[in-house]
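Here the structure is laid out as structure tokens; the discussion comes afterwards.
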Amino acid sequence: MSELLIRGGRVIDPSRGTDGPADVLIRDGRIEAVGRNIPAEPGIELVDAAGKVVAPGLIDIHVHLREPGFEHAETIASGAAAAAAGGFTAVCAMPNTDPVTDSQATVGFVVRQAIRAGQARVYPIGAVSLGQRGEQLTEFGELIQAGAVAVSDDGKPVRSSHLMRTALEYAKTFGIPVADHCEDLSLAQGGAMHEGIISARLGLKGIPSAAEEIMVARNILLAELTGGHVHLCHMSTRGSVELIRWAKSKGLRVTAEATPHHFTLTHERCEGYDTNAKMNPPLREAADRDAIRQGLADGSIDCIASDHAPHHYDAKEREFDEAPNGIVGLETAFGLGMRELVGPGVLSLPELLARMSTLPARVFRLPGGTLAVGAPADLVVLDVERQWEVRREALHSKSLNSPFLGETLRGQADLTIVGGRVVFQRPPRSTS
Amino acid sequence: MTPSSLGKDLVGLEFLSTEQILLILDTAEPFKEVSERAIKKVPALRGKTIVNLFFEPSTRTRISFEFAEKRLSADTVNVASSGSSVSKGETLVDTARNLEAMRIDMVVIRHPASGAAQFLASRIRSNVINAGDGKHEHPTQALLDLLTLRDHFGTLAGLKVAICGDVLHSRVARSNIWGLLKVGAEVALCGPATLIPREFESLGVKLIPRIDDAIAWADALNVLRLQLERMEAGFIPSLREYNRVFGVTRERLERAPKDLVILHPGPMNRGVEIDSDVADGPHSVILPQVTNGVAVRMAVLYLLAGGAPDWRSAPGGEER
């Protein structure tokens, strides 16, 4: 099989804590060697990574790829292509499709579509409950056998504490996390944005921070009760970060993720009823955003996940109350991490890469997130200095619902390699 | 036509300057007289086409706008959500595009979603006037409240106005807060804490939890309608208790150190937020509010169409 030698880059491998100039040799889809001045055998394909960063491929454990059921917004193929363009070599697809990914057959469908697409790897997340109705557990064992890596009813919380308890206990058999969308619906129902001065002024029903924190606290207590692994999706409030810090100090099996939009934007962005600022959980206050950044810096929040949520262009073109939640995020995640976290010194570049590759892999027990010899050759070559503008034409997702359109980000993937195969290459820029 | 001194649209009082608000009130003054004439018509908007787009039931506001338009000689069409393409599932953006394609000059919109007026305004070239969008703003209601208060007190600066009741769900309250603050009045909010967003305090508004204290503080009360659904949604335990704890009653007003002016945007729930003998009493300006509504809406329509601040100075202004 093919051989590839990536030469002259700054190689950062957070899984081993290494950072320095090196070459990476790939053979038969695996990492063969990492070191200085690896000789190029005749016929080998060469990649010049001078001035670039070579790192384990980014991993996003929370995306919505909309297939089956909502292929007008995204397909597994278009989503996996957007992932590859964003530097991701693997993503985990949430089960809130139509039909819901709650059976062996539907999990298998996602796996097959991903193989057919041949872009970033796509790992299905199975539903916790049948039809995400919050009543009866799905067949975790069969879902995992078909390829699921975790279970979640994301889009909705697991409302019943009893069901969450049994899910956490039952998941222990298989060593998978139960990922929960933390929202007390009796407080949040009908809400369109964060509850605060902006919602009061705009006359929109607010979602108080407590709606998230109540469920975060409940899930932490259930993790303690069961010894199960609970993963807290898209944390957005300062109170949640405090609760997670407390849970971790007690040694509980609690992990958490935060999105680029929650470490970047605040509720002021909803002014003018901009539906691209409508998401769930909502954009919160500056103090919340700062707490999310602090949580990423001190490790309370394990990883960054985009919550990539594509919507067809006309779905957001309506009244704020009626517009769906969420934004696309795969292609802006790394650029926002560089601009918002590495730029101001919240994280070092190796720390950012850890929170976007090694740690998400560890949280969901996925292959990847490492450049160790023998590991699958899932890696990315990044230009970490490039300033680029988020333009519609440049995006690969089928949907363009992003509040970052027109903004300048820093850092972009130039080359994405999955299993030794180049799945994305940024065309050489014409020098201006 | 000269460019409008108000900008293209009237979406909310939050977006107007003090000068613009006072300009509307001053422009409304001479229009009051038009409604007192035997022939209640001036040609100021002759040849203009206006659509009144009402996605929510409304009697007072819709009729008030329609009279304002007709007394300015505009050609008007009324569209209600039932019996139109809206009830067939047409989106607001499609409705907007269709109106645009018919080359209308102005749209008056009432819609249940906050932000709907701004949504429409940013998508069509016609002037858009917000006749109430969800819980956001109802600017012409607040303008007529300001005009009524100015008629009574002679000035607005320094006036103490308490807005009482369901502020959380009220577009009238939001427009009044902005309008009153901009003209230099003092504003207090009074009602059950479940219906008063505390965050408004940061705008410089006073929160007075008890109605007796609000009555003792204020020069005027603007009493909001309490919708029956609020009880079902658990914001208050019962209408009876609401009346007992927060209702504006004659007994409460009689204990006040001075006479208060009472406003209500209507429709009233007699015996709930306001007692009949207050609504019908000597200090109620509820009907003058309605009369002023037509003049204020004439002023807004006229100014948005690019009219000079004094309509009589415009060409053909004194024509009968």
Side-chain angles (χ1 to χ4, degrees), chain A residues 72 184-211 266-279 282-288 311-325 400-401 403 405-406, chain B residues 11-15 55-56 86 89-97 109 111-123 130 132-139 166-175 177-178 181 189 195-205 207 229 233-235:
Chain A
H72 57 293
D184 181 336
L185 290 179
S186 67
L187 274 176
Q189 205 105 59
M193 64 173 294
H194 173 64
E195 181 176 305
I197 180 62
I198 310 291
S199 68
R201 274 173 43 203
L202 293 178
L204 293 169
K205 185 171 186 317
I207 302 173
S209 296
T266 55
H267 64 154
E268 283 85 0
R269 192 55 189 254
C270 298
E271 298 252 28
Y273 302 94
D274 179 356
T275 55
N276 276 334
K278 186 179 177 187
M279 43 270 269
L283 299 174
R284 307 244 185 221
E285 298 168 16
D288 297 301
H311 292 291
H312 196 238
Y313 77 92
D314 58 7
K316 285 275 194 182
E317 184 69 2
R318 50 185 321 170
E319 303 89 312
F320 200 89
D321 272 327
E322 305 293 325
N325 287 308
L400 299 166
N401 50 308
L405 285 172
Chain B
V11 167
L13 296 194
E14 180 180 355
F15 313 105
F55 292 90
E56 254 185 7
V86 174
E90 185 172 80
T91 62
L92 186 55
V93 68
D94 284 335
T95 305
R97 287 181 186 140
I109 180 174
H111 197 285
S114 299
Q118 192 164 328
F119 180 91
L120 191 67
S122 62
R123 281 161 181 80
N130 185 2
D133 63 325
K135 298 173 279 174
H136 177 224
E137 283 225 35
H138 190 353
D166 182 5
V167 173
L168 181 63
H169 299 98
S170 174
R171 52 195 173 213
V172 175
R174 284 171 179 76
S175 287
I177 290 170
W178 290 117
L181 290 176
L189 306 178
L195 294 172
I196 304 288
R198 294 190 308 275
E199 294 86 356
F200 278 132
E201 220 172 357
S202 68
L203 302 180
V205 166
L207 304 186
E229 303 92 274
F235 288 100

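All figures in this text were calculated on a predicted structure; none of them were measured in a lab. Lettering follows sequence order; numbering is per chain, from 1.
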Side chain, backbone, both or neither: which part of [X] has a heavy atom under 4.5 Å from chain A?
{"X": "B:L203", "value": "side chain"}
{"X": "B:R198", "value": "neither"}
{"X": "B:E201", "value": "neither"}
{"X": "B:H111", "value": "side chain"}

I need the minimum non-hydrogen distance between [X] and [Y], along with the two atoms involved.
{"X": "B:F119", "Y": "A:E319", "value": "CE1-N, 4.3 Å"}
{"X": "B:P197", "Y": "A:A200", "value": "CB-CB, 4.1 Å"}
{"X": "A:Y273", "Y": "B:D133", "value": "OH-OD2, 4.4 Å"}
{"X": "B:A113", "Y": "A:D321", "value": "CA-OD2, 4.4 Å"}

How far does OG of B:S114 sit from CG of A:L202, to the nearest 0.5 angstrom?
-> 8.0 Å
In terms of heavy-atom pairs under 4.5 Å, which option from A:A192, A:G206, A:G272, A:G196 contacts chain B the most?
-> A:G196
Check: A:R201 side chain, B:E199 main-chain N or O, donor-acceptor pair, under 3.5 Å = no
